Amino acid sequence: MRKTIAFTALAAMVLAACGGATPEPEPPRPSPALWEIKSGDGTLEGWLFGTIHTLPDGADWETPALSDAIEGADILIVEIAGLDDSAAVSAVFTRLAQTPGQLPLTSRLAAQHRPALGELIAKAGYETGDFATIESWAAALMLAQSLQGGDPDNGVDRALLRRFRGRPVQELEGAERQLSIFDQLPEADQRDLLAAVVEESRKPQGESERLAKMWRAGDMTALARENSQGLLADAQLRDALLVRRNARWAALLAQSLPADPPALIAVGAAHMAGPDALPALLQKRGYTVTRIQ
């Protein structure tokens, strides 16, 4: 491969591949979604916070309630703890992504997608030959990076990891497990993923800005709608990228929360929206999960 792969979070991919809508005016002050978690006896167990993985320079997102949660939490729980170790993540990606004998990338999609795929390959700075050994899911992620707005270095996950230096940090997945979710998709689903990225590339620019405004406003109703559009309109992909992961995370959190001091659980906002998201799943497990306005 000619480029170093630094893609590290599925939620960045999920939110980058959602459907379009008219941008809403930016709210006067940020209010990204934050929830308080209490056990059945009223004990404070921590907070849930839906993050976004890329933001423009200078983006304002921290609220007083979030500041209080950051200060009050004794442990941070994230998707991937080693986000800043791009070399390690790239090594995992490279190992999983390559299998000799792949079909030419253009032949893995239906004819109607091929012109846009060629344009996207060029836009991303690749050549078709760069994908000779690259599996379809990995090609999709490599190309998706060119569609992301903002800067991953400004992502909320990284900011929180910096804020928690000196305090314990746990991860729900890690890079190996997260990328393995893609690697284990059937080839048909991998090609659906690639086609969804290609279709996303044909939409007008500004999608990332629209999603960032939606996230900043804490509009979980709109984010829930996004969870059934774009690549997540495919039932198999939605099940793999959101539903099963949310269920696994809820089970892990139900085991760890009673034993740990108050925790700030910060994962992609897509995992916080809808009936099968973390707030709803923890409610079903007997916790009281309350949105902090």
Side-chain angles (χ1 to χ4, degrees), residues 1-19 53-54 79-80 83 86-150 152 173 175-203 205 207-208 229-242 245 268 270:
M1 280 181 288
R2 202 159 45 83
K3 287 188 177 183
T4 299
I5 303 303
F7 185 92
T8 57
L10 289 181
M13 175 64 200
V14 169
L15 288 179
C18 296
H53 301 301
T54 64
E79 297 175 43
I80 299 174
L83 280 178
S86 59
V89 175
S90 293
V92 172
F93 183 95
T94 300
R95 175 166 49 81
L96 294 176
Q98 299 192 76
T99 300
Q102 298 293 318
L103 293 173
L105 194 61
T106 53
S107 70
R108 302 183 217 175
L109 295 183
Q112 69 265 27
H113 296 301
R114 292 173 188 170
L117 173 59
E119 293 174 5
L120 180 56
I121 290 172
K123 176 183 177 182
Y126 293 103
E127 299 175 0
T128 54
D130 293 330
F131 299 93
T133 64
I134 303 300
E135 296 179 17
S136 299
W137 69 268
L141 298 197
M142 292 166 67
L143 294 172
Q145 290 188 85
S146 68
L147 304 179
Q148 292 183 28
E173 285 182 337
E176 176 95 25
R177 187 179 188 112
Q178 195 171 94
L179 290 171
S180 292
I181 293 170
F182 285 115
D183 189 45
Q184 292 166 10
L185 288 171
E187 178 61 21
D189 291 340
Q190 293 187 34
R191 295 185 184 188
D192 287 344
L193 179 67
L194 179 59
V197 171
V198 171
E199 285 303 303
E200 181 66 20
S201 72
R202 301 174 68 177
K203 295 179 181 177
Q205 294 183 350
E207 182 70 0
S208 295
Q229 299 180 29
L231 69 90
L232 295 178
D234 183 293
Q236 287 76 26
L237 289 176
R238 187 177 188 280
D239 184 63
L241 300 184
L242 279 181
R245 294 171 71 217

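For clarity, every value in this text was computed on a predicted model and none was experimentally measured. Any value given below was found using the heavy atoms of this structure, including those in side chains, with hydrogens, waters and symmetry copies removed.
How far CD of Glu199 is from CG of Leu109: 9.5 Å, rounded to the nearest 0.5 Å. If you take CG on Leu117 and CG on Leu105, they are separated by 5.0 Å, rounding to the nearest 0.5 Å. Gln190 contributes atom CD, which lies 8.5 Å from atom CZ of Arg108 (distance to the nearest 0.5 angstrom). Taking CD1 from Ile134 and CE from Met142, the interatomic distance works out to 5.0 Å, rounded to the nearest 0.5 Å. Note that CG of Leu120 and CZ of Arg202 are 11.5 Å apart. Values are rounded to the nearest 0.5 Å.
Proximity of Asp192 to Gln236: side-chain heavy atoms (C-beta onward) are nowhere separated by under 4.5 Å. Residues Leu194 and Leu143 have side chains in contact (heavy-atom distance under 4.5 Å, counting atoms from C-beta outward).
His53 approaches Gly268 most closely through the heavy-atom pair NE2-CA, 3.9 Å. Val89 and Ala175 make their closest contact through CG2-CB, 4.0 Å (heavy atoms, listed as atom of the first residue, atom of the second, distance).
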Only pairs under 3.5 Å count here: list side-chain donor-acceptor contacts from residues 179-186, not counting sequence neighbours, and write none if there are none.
{"from": "Ser180", "atom 1": "OG", "to": "Glu176", "atom 2": "O", "distance (Å)": "2.7"}
{"from": "Asp183", "atom 1": "OD1", "to": "Trp137", "atom 2": "NE1", "distance (Å)": "3.1"}

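In this structure a side-chain-to-backbone donor-acceptor pair under 3.5 Å is present from Ser201 to Val198. Using a distance-only test at 3.5 Å, with no hydrogens or angles considered, no donor-acceptor pair links the side chain of Gln102 to the main chain of Phe131. No donor-acceptor pair closer than 3.5 Å links the side chain of Arg95 to the backbone N or O of Ala91.
Residues passing the side chain to side chain donor-acceptor pair (under 3.5 Å) test with Thr133 are Gln98, sequence neighbours excluded. Residues forming a side chain to side chain contact (heavy atoms under 4.5 Å, CB included) with Glu119 (at least two apart in sequence, or on another chain): none. For Thr128, the side chain to side chain contact (heavy atoms under 4.5 Å, CB included) criterion is met by Ile121, not counting sequence neighbours. A search for salt bridge (Lys or Arg N to Asp or Glu O under 4.0 Å) contacts involving Asp234 returns nothing, not counting sequence neighbours. Under the rule for a salt bridge (Lys or Arg N to Asp or Glu O under 4.0 Å), the partners of Arg191 that lie at least two apart in sequence or sit in another chain are Glu187.
Within a 6.0 Å sphere centred on CZ of Arg177, heavy atoms belonging to other residues, nucleotides or ligands number 12 at most.
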